[in-house]
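Reviewing the structure listed below.
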Protein chains: 2
Amino acid sequence: MSKPIFKRNSDHLPDDCRPGFDMLYVLGDKWTVPVLGALRRDGRARFSDIEKALSISQRMLTLTLKTLERDGLVRREVFASVPPRVEYELTERGRSLMNSLHELTGWGFANHEGVEESRRRFDAGSV
Amino acid sequence: MSKPIFKRNSDHLPDDCRPGFDMLYVLGDKWTVPVLGALRRDGRARFSDIEKALSISQRMLTLTLKTLERDGLVRREVFASVPPRVEYELTERGRSLMNSLHELTGWGFANHEGVEESRRRFDAGSV
DNA sequence: CTGAATCCGTTAAGATACTG
DNA sequence: CAGTATCTTAACGGATTCAG
């Protein structure tokens, strides 16, 4: 009965490359990567712990986690205790996704200096 | 004298991983990947050709190309002919960035079926 | 008390259209 | 083809309310 939380998707891409790039538009929002990163680092974490670690709003953390759970990247577990407790952890799929980012982040670390330089030059006096 | 076109960036990430993930927030907007993909496939292309190939609005294509030029991923060349002609092509940096996406797109093709299944299950009866 | 849901606000992405 | 000027929609944040 639910539906996608965020509207950004890969519908504007040609059919044959849509599945390959679909996840890029999930990762490309503001909080998906930080949340996945926190869960990978800490293993299992409570909602409130992630919230404080990232200084993310409660609302955005809820929406981001729900999207990740929907995609099967994060597993959610509720404990009917008092006070209530909700814990999250990466699924195997979530872990493999994070690993598949190594090549891209490697590019980032290797090229960010060149990109910054290019931006400075462009912003200074175009040409 | 110029400035970033799009406001999305990696400022919300911790300092030590910001350079690695910065480009993700460039690639994550709607038109960057399609434009880079078209240029990689066609080599060198005119503005109007890309426009028609992607059914992107003139405005968004201008903004996207300017951002890519600013980052040194695309080279812009103007021909003072009649009618005027402007051509674009990937730089070496742009090509290497596209190559660094292989791991992620590979993950996408390998996992999109599982993700879609997870989404269907979640949307059907949350639990 | 935690975390989800909801209302309301702001900002930016993106489309369309017109100008030069 | 670039610039500008709306317009619409969505992302995001803040605050409140509600349920367990």
Side-chain angles (χ1 to χ4, degrees), chain A residues 1-13 24-35 38-39 44-70 74-88 122 126-127, chain B residues 1-13 24-35 45-70 74 76-88 122 126-127:
Chain A
M1 302 309 263
S2 188
K3 272 299 170 186
I5 318 297
F6 299 112
K7 306 301 176 63
R8 304 170 95 262
N9 56 31
S10 54
D11 288 355
H12 59 297
L13 298 181
L24 180 65
Y25 298 99
V26 175
L27 298 169
D29 76 351
K30 186 170 185 176
W31 292 113
T32 293
V33 162
V35 167
L39 288 177
R44 170 180 276 256
R46 304 188 50 160
F47 182 96
S48 50
D49 292 335
I50 310 174
E51 186 181 2
K52 279 176 287 189
L54 302 181
S55 37
I56 180 182
S57 70
Q58 198 186 64
R59 169 185 155 82
M60 289 312 295
L61 183 54
T62 301
L63 297 180
T64 302
L65 283 169
K66 188 180 298 188
T67 298
L68 292 176
E69 187 196 1
R70 188 174 103 103
V74 158
R75 181 166 27 250
R76 170 193 156 96
E77 197 165 357
V78 182
F79 298 90
S81 59
V82 182
R85 181 163 49 108
V86 183
E87 291 186 358
Y88 297 87
F122 188 90
S126 284
V127 165
Chain B
M1 301 308 261
S2 189
K3 273 298 170 186
I5 318 295
F6 298 112
K7 306 300 176 62
R8 303 170 94 260
N9 56 31
S10 54
D11 287 355
H12 60 295
L13 298 182
L24 181 64
Y25 298 99
V26 176
L27 296 170
D29 76 351
K30 186 170 183 176
W31 293 113
T32 292
V33 162
V35 167
R46 303 187 51 160
F47 183 95
S48 49
D49 291 336
I50 310 174
E51 186 182 1
K52 279 176 288 188
L54 302 181
S55 35
I56 180 182
S57 71
Q58 200 184 64
R59 170 185 156 85
M60 289 313 295
L61 182 55
T62 300
L63 297 181
T64 302
L65 283 169
K66 188 180 296 186
T67 298
L68 292 175
E69 186 194 2
R70 189 175 104 103
V74 157
R76 172 192 154 97
E77 197 166 356
V78 182
F79 297 90
S81 59
V82 182
R85 181 163 49 109
V86 184
E87 292 187 357
Y88 297 86
F122 188 90
S126 282
V127 163

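First the proteins, then the strands, lettered A, B, ... as listed; each starts at 1. Everything numeric here is computed off the predicted structure, so don't read it as measured data.
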Partners meeting side-chain hydrogen bond (donor to acceptor under 3.5 Å, both in side chains) with R46(A) (sequence neighbours left out): none
Separation of N9(A) CG from K30(B) NZ (nearest 0.5 Å): 8.0 Å
Flag side-chain contact, heavy atom, 4.5 Å: L13(B) against P34(A): yes
Of F47(A) and I56(B), the one whose closest DNA chain C nucleotide lies more 5': F47(A)
Over-ring placement of R8(B) relative to Y25(B), 6.0 Å and 45° cut-offs: no
Closest-nucleotide ordering on DNA chain D, the 5'-leading residue of T62(B) and Q58(A): T62(B)
From CG (D29(B)) to CE (M60(B)), nearest 0.5 Å: 6.5 Å
Covered region of DNA chain C, 5' end to 3' end, by chain A [heavy atoms, under 4.0 Å]: dT2(C) to dC7(C)
Touch class at under 4.0 angstrom, heavy-atom based, for F79(A) against every strand present: nothing
Interatomic distance, L61(B) CG vs dC1(D) P [rounded to whole Å]: 9 Å
Check: T32(A) side chain, V26(A) main-chain N or O, donor-acceptor pair, under 3.5 Å: yes
Salt bridge R85(B)-E87(B), side-chain N to carboxylate O under 4.0 Å: yes
Minimum heavy-atom distance Y88(A)-L39(A), with the two atoms named: O-CD2, 3.6 Å
Rounded distance in Å - NZ (K66(B)) to P (dC1(D)): 14 Å
Any protein N or O atoms within reach of nucleotides 9-12 of chain D? Criterion: under 3.5 Å, listing atom names and distances.
from: dA11(D); atom 1: OP1; to: K7(A); atom 2: N; distance (Å): 2.6
from: dA11(D); atom 1: OP1; to: R8(A); atom 2: N; distance (Å): 3.2
from: dC12(D); atom 1: OP1; to: K30(A); atom 2: N; distance (Å): 3.1

